[in-house]
2 protein chains.
Amino acid sequence: MTTYDNADLKKAGLKITVPRLKILDLLEQAENRHMSAEEVYKRLMEEGNDVGLATVYRVLTQFESAGLVLRHNFEGGHSVFELNHDDHHDHMVCSETGTVIEFCDPVIEKRQREIAEEHGYSLVDHSLILYVKPKSSGSNRN
Amino acid sequence: MTTYDNADLKKAGLKITVPRLKILDLLEQAENRHMSAEEVYKRLMEEGNDVGLATVYRVLTQFESAGLVLRHNFEGGHSVFELNHDDHHDHMVCSETGTVIEFCDPVIEKRQREIAEEHGYSLVDHSLILYVKPKSSGSNRN
DNA sequence: ATGGATGCAAACTGTTTGCAATATG
DNA sequence: CATATTGCAAACAGTTTGCATCCAT
């Protein structure tokens, strides 16, 4: 498991500061690896570390540029961040519980590249999110 | 090609009003089928139809609920709308030109369903966007 | 005539930025 | 000590909402 430390911050040209370490820490620790900036902020406050929300955004953005963190734009115009363990994966979000499940499917990955090629492009990135509901869920239509 | 008309509005419980017809019209006509609310608004203004931006949002949202229109959340926290021709497809966005290409791949569609099932869920919806660049593009890094 | 629809402006959410104070290397 | 970083508040973009007016039915 990729775990980032001071060295990684330095490598990214970022000074070792309390907010940065705390945020990195939080992302490592977090049971729920996918957090919004707001969540990170709240969590830090709860733990007594009072960083500004603006700093959280700035740090997360810097981490993203540095490749330490991935940003995903889920539905509803808000982003979630997660540590970049450079094991690529996509997401499945349960509409009832909000649970986020990660998955990676080689078949889909391959087809994506092929499709881009077929259209004369090369794949730079992609975003795939499956919105699902529990199979045994209350409303069983179809 | 699915083309909506007054009857469809009525069916959706929506009164036939100028803004609604104009917006529907715009979406039918538009060379670029994918437009943001802001774009729809600007276009309408240019054509001399002065509707409020709020109305554009309201109407597009109603159309979405009515199934006449699809809303996609692209990167950068802004949505684009397109007429729902109920031929499902995903999108490929060129990072250099902004061009949006539609595609639908049965292999991917099938795998998505399977993956959801494998995790004990059933697929409700999904969002797949490929970010691509022209194969012969200037910057050939990697 | 009557309730839905509109336009405007004000409210809101998520995110970014200017700036003076502060902390890191 | 110089400069990157922070916190705060103000600025922003995109979208939603309250309300009085207006229009389709």
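The analysis underlying the following values was restricted to heavy atoms, covering all of them including side chains, and did not include hydrogens, waters or symmetry mates. Every chain is numbered from 1 and lettered A, B, ... according to where its sequence line falls, protein lines coming before strand lines.
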| message | Is any side-chain heavy atom of A:S79 closer than 4.5 Å to one of A:H72? | response | no
Using atom [atom1] of [X] as one end and atom [atom2] of [N] as the other, report the distance to the nearest whole Å.
| X | N | atom1 | atom2 | answer |
| --- | --- | --- | --- | --- |
| B:F81 | D:dT15 | CZ | P | 6 Å |
| A:M35 | C:dG14 | CE | C1' | 16 Å |
| B:F63 | C:dA5 | CZ | P | 11 Å |
| B:K22 | D:dA24 | NZ | P | 13 Å |
| B:E38 | D:dC12 | CD | P | 15 Å |
| A:M45 | D:dT6 | CE | P | 15 Å |
| B:Y41 | D:dT16 | OH | P | 16 Å |
| A:I23 | D:dG7 | CD1 | C1' | 13 Å |

Ranking D:dG14, C:dG14, D:dT25 by distance to the side chain of B:K10, first place goes to D:dT25
Salt bridge between [X] and [Y], side-chain N to carboxylate O under 4.0 Å?
| X | Y | value |
| --- | --- | --- |
| B:R43 | B:E47 | no |
| B:E82 | B:R33 | yes |
| A:K42 | A:E39 | no |
| B:K11 | B:D8 | yes |

With the criterion being N/O to N/O and under 3.5 Å, what pairs connect the protein with nucleotides 16-19 of chain C, and how long is each?
| unit_1 | atom_1 | unit_2 | atom_2 | d |
| --- | --- | --- | --- | --- |
| C:dG18 | O6 | A:R58 | NH1 | 3.2 |

| Does the side chain to side chain contact (heavy atoms under 4.5 Å, CB included) test come out yes or no for A:Y121 and B:I101, once each step is laid out? | CA-CA 11 Å; A:Y121 291 94; B:I101 295 176; 3.3 Å; yes
ask   = Does B:E28 reach the main-chain N or O of B:Y4 with its side chain, forming a donor-acceptor pair under 3.5 Å?
value = yes
| task | Using atom types as modelled and distance alone, determine if a side-chain donor or acceptor of B:T55 lies under 3.5 Å from a backbone N or O of B:V51. | result | no
Apart from B:V107 itself, its cluster of hydrophobic side chains linked below 4.5 Å comprises A:V107
Below 3.5 Å is the cut-off: list the nitrogen or oxygen pairs between protein and nucleotides 20-24 of chain C, distance only.
| unit_1 | atom_1 | unit_2 | atom_2 | d |
| --- | --- | --- | --- | --- |
| C:dT24 | O2 | A:K15 | NZ | 3.1 |

Phosphate OP1/OP2 of D:dG14: any B:S36 side-chain N/O under 4.0 Å: no
Next on the checklist: Whether A:R20 contacts D:dA4 is assessed here as follows: a side-chain N or O lying under 4.0 Å from the phosphate OP1 or OP2. Is that the case?
Outcome noted: no
